[in-house]
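These notes are about the structure you will find just below.
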Amino acid sequence: MSYSWIPVPDMEKLGTIKAREEPLQRESGAATPNNLNLGLVGSMAGNVILPPKSPVIHVDEKGIEEVRQALQACADLGLAGDMINKASFPLPTFHVVLDEARRQVHEGQGFVIIRGIGLSDSAQNNNNMFLGLASYIGDVRGAQDKQGSMLTHVTASKSWTVPPELRHGIHTNTGLAWHNDMGTDVIALHIRSLAEEGGNTFVASSWTIYKELATSYPQVLELLCEPCWPIQVSGNPPRHIVAPLVQIYNNRVYLSADPGRLGLHPVTAKASLSSSIPSLTTLHLQALEILSELATRHRLMLDTRPGDILFINNWALIHARDSYKDPKDGPGRHLVRLWLRNSELGWKVPESMRVPWEAAFGPNGDGYPTGVTRREYPLAPSHEYKPPKYTAGSAAFVLDDEDEVNGGNTEP
């Protein structure tokens, strides 16, 4: 994998909120607020600074053979879905490399790419391989909707006739603003195929953003740390919590923000329906824009390839996607997503950020959230797309219990 420093891009291409009425001035050399001790935070262990070298793990021939043998054993025993774990997907020597990758995701640079295994002609083998390798990074999987979707297909299928504006953002070719997948520790992405142009994934360090906010925009940082942000947790009926987007906890900087989940839902506002969820204020929107600008300033573009598996620490890094164009022939951009937690190295979740997290992992963090009675691992995107009643967030957080994150009618 290669990466590069990129100048600040066209914000509209990344889908960033643009709502500033009067620019907030950069407060050069401003003192850090008393309750945000930058010197203390600067000494903390575990905060992520993006690496000066490529974090790609190239799988050697011995590792590839171990993966092949594990896949064959799963096929012989008819294993799939929840049955795929470290015990059923043994990697006698390659597990040592994955153990180091797990440590890097949680305690090092915050993300790694595994490269070299390739893709199978079998959708089931691709799923099993993804689940097997991912189980070494995170042994607990989070549900991505109330229907129990454990895998999400991130694509804009050419077979879908539903207009893009009625789909989840991840099911269009538009850019996705800087965001975290609110509710998970680690994001795993299996790159099945890429766009003809664009569709790049970007990451930026929460710690680096925090430092610049503390030294240059302390008022914005104070607002981001205040428990004053309305976060949607249900669309029917409308329900929200109020929480901070940034928190220092357990000697680490946590960032958990998705502009699409903040404030009054557009469907509710457009229909002039009554709702207890407040709209974002001008100061809220200004703070989000500065957060986005700083993420863009410090971003890394990831040069992923088909067959790669990308793991991102979702507390330590914020991510975005630019718009893309699919080829006329072929599948176009297609990623598959898992939400993961490592029961040994996973970051302790602050109380203020637990509600979205428990919706995915359950109150005990065991991957069985309240109300989820089944766990589905679809092999492919749905043939027909069912428009969701409500959708919120760049990560396609589903607000209605009857909707599912893959657009409905997924292939089992």
Side-chain angles (χ1 to χ4, degrees), residues 1 55-106 108 111-144 148-154 184-193 304-313 334-346 366-368 375-380 410-412:
M1 185 199 76
V56 173
I57 295 174
H58 294 275
V59 186
D60 61 18
E61 286 300 322
K62 186 174 183 179
I64 292 173
E65 181 57 30
E66 289 184 3
V67 171
R68 287 174 179 162
Q69 291 178 7
L71 280 174
Q72 187 59 54
C74 289
D76 292 344
L77 295 172
L79 303 182
D82 281 345
M83 294 181 285
I84 305 295
N85 50 48
K86 288 198 294 185
S88 64
F89 203 89
L91 301 170
T93 62
F94 187 57
H95 77 88
V96 176
V97 177
L98 295 178
D99 286 344
E100 173 61 17
R102 178 187 62 161
R103 191 191 69 79
Q104 287 297 331
V105 169
H106 291 89
F111 73 110
V112 297
I113 291 176
I114 296 175
R115 175 172 295 163
I117 296 175
L119 291 165
S120 170
D121 293 333
S122 162
Q124 187 64 69
N125 277 349
N126 285 329
N127 269 16
N128 286 355
M129 185 267 290
F130 183 31
L131 294 171
L133 293 176
S135 67
Y136 286 84
I137 309 300
D139 54 313
V140 183
R141 299 170 194 151
Q144 300 182 38
S149 297
M150 308 304 292
L151 287 172
T152 296
H153 290 268
V154 181
T184 187
D185 295 37
V186 174
I187 305 162
L189 294 170
H190 191 197
I191 316 300
R192 300 288 175 87
S193 55
T304 53
R305 305 175 188 176
D308 286 354
I309 302 179
L310 168 64
F311 297 98
I312 299 173
N313 184 322
H334 181 194
L335 282 60
V336 181
R337 183 181 72 187
L338 280 169
W339 285 352
L340 302 174
R341 176 170 177 79
N342 187 277
S343 54
E344 178 187 357
L345 298 181
D366 57 4
Y368 289 88
R375 292 156 69 89
E376 303 288 345
Y377 293 85
L379 296 179
T410 49
E411 292 299 303

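On a predicted model such as this, the values are computed, not experimentally measured, just so you know.
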Considering only distance and modelled atom types, tabulate donor-acceptor pairs under 3.5 Å from the side chains of residues 75-82, sequence neighbours left out.
unit_1 : atom_1 : unit_2 : atom_2 : d
Asp76  : OD1    : Gln72  : NE2    : 2.8
Asp82  : OD1    : Arg375 : NE     : 3.0
Asp82  : OD1    : Arg375 : NH2    : 3.2
Asp82  : OD1    : Tyr377 : OH     : 2.4
Asp82  : OD2    : Arg375 : NE     : 2.7

Answer yes or no: is there a side-chain heavy-atom contact under 4.5 Å between [X] and [Y]?
{"X": "Asp185", "Y": "Asn342", "value": "no"}
{"X": "Thr184", "Y": "Gln144", "value": "no"}
{"X": "Leu338", "Y": "Val336", "value": "no"}
{"X": "Asp308", "Y": "Leu310", "value": "no"}
{"X": "Cys74", "Y": "Ile84", "value": "yes"}
{"X": "Val59", "Y": "Glu66", "value": "no"}
{"X": "Ile114", "Y": "Phe311", "value": "yes"}

Can you give me the closest heavy-atom contact between [X] and [Y], atom names plus distance?
{"X": "Ser135", "Y": "Asn85", "value": "OG-C, 3.6 Å"}
{"X": "Leu335", "Y": "Ser193", "value": "CD1-O, 4.2 Å"}
{"X": "Arg305", "Y": "Ile191", "value": "O-CB, 3.5 Å"}
{"X": "Val140", "Y": "Gly367", "value": "CG1-N, 3.5 Å"}

* Got a sec, which pairs hit ring pair (Phe, Tyr, Trp, His ring centres under 6.0 Å) with one end in residues 121-141, sequence neighbours left out? -> Phe130-His190
All side-chain hydrogen bond (donor to acceptor under 3.5 Å, both in side chains) counterparts of [X], not counting sequence neighbours:
{"X": "Gln124", "result": "Asn128"}
{"X": "Asp99", "result": "His95"}
{"X": "Glu344", "result": "Arg102"}

* Between Val97, Leu133, Val96, which is the residue that forms a side-chain contact (heavy atoms from CB on, under 4.5 Å) with Leu91? -> Leu133
Please confirm whether the backbone N or O of [Y] pairs with a side-chain atom of [X], one donor and one acceptor, at under 3.5 Å?
{"X": "Asn126", "Y": "Ser120", "result": "yes"}
{"X": "Ser149", "Y": "Leu151", "result": "no"}
{"X": "Ser88", "Y": "Met83", "result": "yes"}

* Asked: His106 and Val186: side-chain contact (heavy atoms from CB on, under 4.5 Å), yes or no, with the steps?
  -> CA-CA 9 Å; His106 291 89; Val186 174; 3.8 Å; yes
* Presence of salt bridge, Glu100 and Arg103, under 4.0 angstrom -> yes
* Does the side-chain contact (heavy atoms from CB on, under 4.5 Å) test come out yes or no for Leu340 and Arg141, once each step is laid out? -> CA-CA 5 Å; Leu340 302 174; Arg141 299 170 194 151; 3.9 Å; yes
* To do: Measure the OG1-CG distance between Thr152 and Leu189 for me, rounded to the nearest 0.5 Å.
  => 10.0 Å
* Structure fact -> Here the gap from Ile137 atom CD1 to Ile312 atom CD1, rounded to the nearest 0.5 Å, amounts to 13.0 Å
* side chain to side chain contact (heavy atoms under 4.5 Å, CB included) against Ala143, all qualifying residues, sequence neighbours excluded -> Met150, Pro369, Val372
